[in-house]
Enquirer: 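One structure, as C-alpha cells, below. Some questions next.
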Amino acid sequence: SHSRWEKMAPDFKDINGRCILLEQNRHSSLCREFTVISPKLSLRTVLVYTAAVWLVAYCIFCVTQNTSVLSASIIVTLLGMILHLHLFKIDQESVLIIGSVGVQMNTLYASGRESVRFIEMKKVKDIVINEAIYMQKVIYYLCILLIDPGNPRGVSEVVPVFQSAKPRLDCLSQVYRSCQEILQQTGRTVNVASVK
C-alpha cells in the first residue's frame with residue numbers, strides 16, 4: 001500500500017481577495033485529492049443582517065403597534081440563517097482524481113450536509129482551465145470536459161470545479177498541473193497547452 005503524503009499549500013485568494021486554503025493529498029501516483037477550504041461565515045456579517053432585519057421590524061412595530069411583526073422578524077431571521085447554512089454556505093469543496101477510475105467531487109456545506117458527484121474516467125475528455133466574464137471582470141475556473149457519446153471529438157458537458165470558492169489562477173494552475181499528470185499517465189489525450 002502507498003503511504004499518504006499530505007502537503008498544506010500556502011494561502012491563496014479567491015476572486016474577491018479573501019484567503020482560501022488549498023490542501024493536497026497524494027494518495028498514490030495515480031490518485032490525488034485537492035480540497036479548497038473557504039473562509040468561515042463572518043460573525044460581523046451575521047450581526048449586520050440580523051440587526052438590519054430587526055431594525056426594520058422595530059420601525060414597522062412603532063408605526064403599527066403590532067407585536068406579531070417582532071415575532072415574525074425573529075422567525076424570519078432564524079429560518080434565513082438555517083437555510084443559508086444548509087443550502088448556500090459552502091465550507092469546502094474537494095476533487096478526488098483516481099487514474100483509470102474517475103473523478104469525484106465533494107461539496108461540504110456549513111450545516112454538515114454533503115453533496116457528491118462521481119464521473120467515470122471513460123467519460124472524461126479533459127480537465128482544463130477556462131475563462132469567463134464575471135461581475136465585469138475576467139475570471140478563470142477549472143472544469144471537466146465530458147465526451148459526447150455521439151461525437152467522440154465533441155464535448156457533451158462542461159462541469160465546473162470549485163464553483164463556490166472561485167480560486168484565482170495561481171491556485172487553479174497547481175490543481176490543473178497535477179490533474180494533467182494523472183491524465184497523461186493513464187493515456188488520456190491532452191490537447192490543451194500547460195498553464196504556467
Side-chain angles (χ1 to χ4, degrees), residues 1-15 20-39 87-132 134 139-196:
S1 71
H2 296 281
S3 61
R4 182 174 170 163
W5 176 75
E6 294 189 17
K7 177 184 174 190
M8 203 64 119
D11 283 355
F12 290 102
K13 293 190 183 300
D14 66 10
I15 60 170
I20 56 175
L21 190 66
L22 172 66
E23 204 176 272
Q24 301 178 72
N25 296 328
R26 186 187 300 251
H27 300 288
S28 73
S29 62
L30 290 176
C31 179
R32 296 179 198 172
E33 185 173 11
F34 307 93
T35 303
V36 174
I37 301 169
S38 300
L87 299 175
F88 303 109
K89 179 61 180 100
I90 294 172
D91 279 348
Q92 65 182 47
E93 296 170 279
S94 64
V95 174
L96 174 65
I97 179 166
I98 308 168
S100 50
V101 179
V103 181
Q104 179 173 301
M105 297 183 295
N106 287 34
T107 304
L108 182 65
Y109 291 82
S111 65
R113 181 171 71 92
E114 191 170 6
S115 169
V116 178
R117 178 173 182 184
F118 181 77
I119 302 169
E120 293 176 83
M121 193 56 83
K122 66 181 182 183
K123 295 180 179 176
V124 175
K125 181 177 179 69
D126 205 349
I127 296 175
V128 300
I129 293 178
N130 242 341
E131 63 180 26
Y134 176 80
I139 65 162
Y140 298 91
Y141 64 96
L142 190 73
C143 58
I144 302 168
L145 305 180
L146 302 187
I147 296 170
D148 184 351
N151 175 15
R153 290 187 156 189
V155 174
S156 67
E157 187 181 350
V158 176
V159 181
V161 181
F162 306 132
Q163 289 183 81
S164 174
K166 294 183 178 57
R168 288 184 178 172
L169 185 58
D170 56 349
C171 178
L172 295 176
S173 299
Q174 203 162 323
V175 177
Y176 169 82
R177 280 192 292 270
S178 288
C179 291
Q180 288 299 329
E181 283 174 25
I182 293 174
L183 292 177
Q184 288 172 349
Q185 287 180 57
T186 55
R188 307 297 295 180
T189 306
V190 179
N191 300 319
V192 179
S194 296
V195 175
K196 293 179 181 178

Enquirer: Going by side-chain contact (heavy atoms from CB on, under 4.5 Å), name the residues that satisfy it together with Phe88, two or more places apart in sequence or in a different chain.
Expert: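 Scan of Phe88 (side-chain contact (heavy atoms from CB on, under 4.5 Å), adjacent residues dropped) gives His84.
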
Enquirer: Looking at CG of Leu183 and NZ of Lys125, how far apart are the two atoms once the value is rounded to the nearest 0.5 Å?
Expert: 12.0 Å

Enquirer: Can you name the nearest heavy-atom pair linking Phe34 to Ile97, along with the distance?
Expert: CE1-CG2, 4.2 Å

Enquirer: So Leu108 and Ile90, do their side chains get closer than 4.5 Å, heavy atoms only?
Expert: no

Enquirer: Can you tell me how far CD of Glu23 sits from OG of Ser94, rounded to the nearest 0.5 angstrom?
Expert: 9.5 Å

Enquirer: Would you indicate whether the side-chain heavy atoms of Gln24 and Val175 approach each other to under 4.5 Å?
Expert: no

Enquirer: Does anything in residues 142-158 pair up under side-chain hydrogen bond (donor to acceptor under 3.5 Å, both in side chains), and if so which pairs, sequence neighbours excluded?
Expert: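 The answer is Arg117-Glu157.
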
Enquirer: To the closest 0.5 Å, what do you measure between CG (Asn130) and CD1 (Ile139)?
Expert: 10.5 Å

Enquirer: Taking the side chain as every heavy atom from C-beta outward, state whether Met105 and Ile119 have any pair of such atoms under 4.5 Å apart.
Expert: yes

Enquirer: Could you pull out all residues at least two apart from Lys13 that satisfy salt bridge (charged side-chain N to carboxylate O under 4.0 Å, His left out)?
Expert: none

Enquirer: By the salt bridge (Lys or Arg N to Asp or Glu O under 4.0 Å) test, which pairs, at least two apart or in different chains, include something from residues 87-98?
Expert: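 Sorted result for residues 87-98: Lys40-Asp91, Lys89-Asp91.
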
Enquirer: Sort and list the pairs that fulfil side-chain hydrogen bond (donor to acceptor under 3.5 Å, both in side chains) and have at least one residue in residues 95-107, not counting sequence neighbours.
Expert: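 side-chain hydrogen bond (donor to acceptor under 3.5 Å, both in side chains) check on residues 95-107 returns Gln104-Asn106, Asn106-Glu114.
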
Enquirer: Among Val101, Val103, Leu96, which residue satisfies the side-chain contact (heavy atoms from CB on, under 4.5 Å) criterion with Phe118?
Expert: Val101

Enquirer: Drop me the distance from Arg26's CZ to Ile182's CD1, to the nearest 0.5 angstrom.
Expert: 8.0 Å

Enquirer: Do you know which two heavy atoms are closest between Gln180 and Ile127, and how far apart they sit?
Expert: NE2-O, 2.6 Å

Enquirer: Could you state the interatomic distance from CG (Leu172) to OH (Tyr140), rounded to the nearest 0.5 Å?
Expert: 10.5 Å

Enquirer: Take atom OH of Tyr141 as the centre, draw a 6.0 Å sphere, and report whether it contains more than 12 heavy atoms from other residues, nucleotides or ligands.
Expert: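 Yes - once you tally the heavy atoms of other residues, nucleotides and ligands closer than 6.0 Å, there are more than 12.
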
Enquirer: Which heavy atom in Ile98 sits nearest to a heavy atom in Met121, and how many Å separate them?
Expert: O-CE, 3.7 Å

Enquirer: Within this structure, what is the CD-CG distance for the pair Gln174 and Leu142, rounded to the nearest 0.5 Å?
Expert: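 So the gap between those two atoms works out to 12.0 Å.
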
Enquirer: For residues 161-171, which side-chain N or O atoms pair as donor and acceptor with protein atoms under 3.5 Å away, sequence neighbours left out?
Expert:
unit_1 : atom_1 : unit_2 : atom_2 : d
Lys166 : NZ     : Gln163 : O      : 2.8
Arg168 : NE     : Asp14  : O      : 2.9

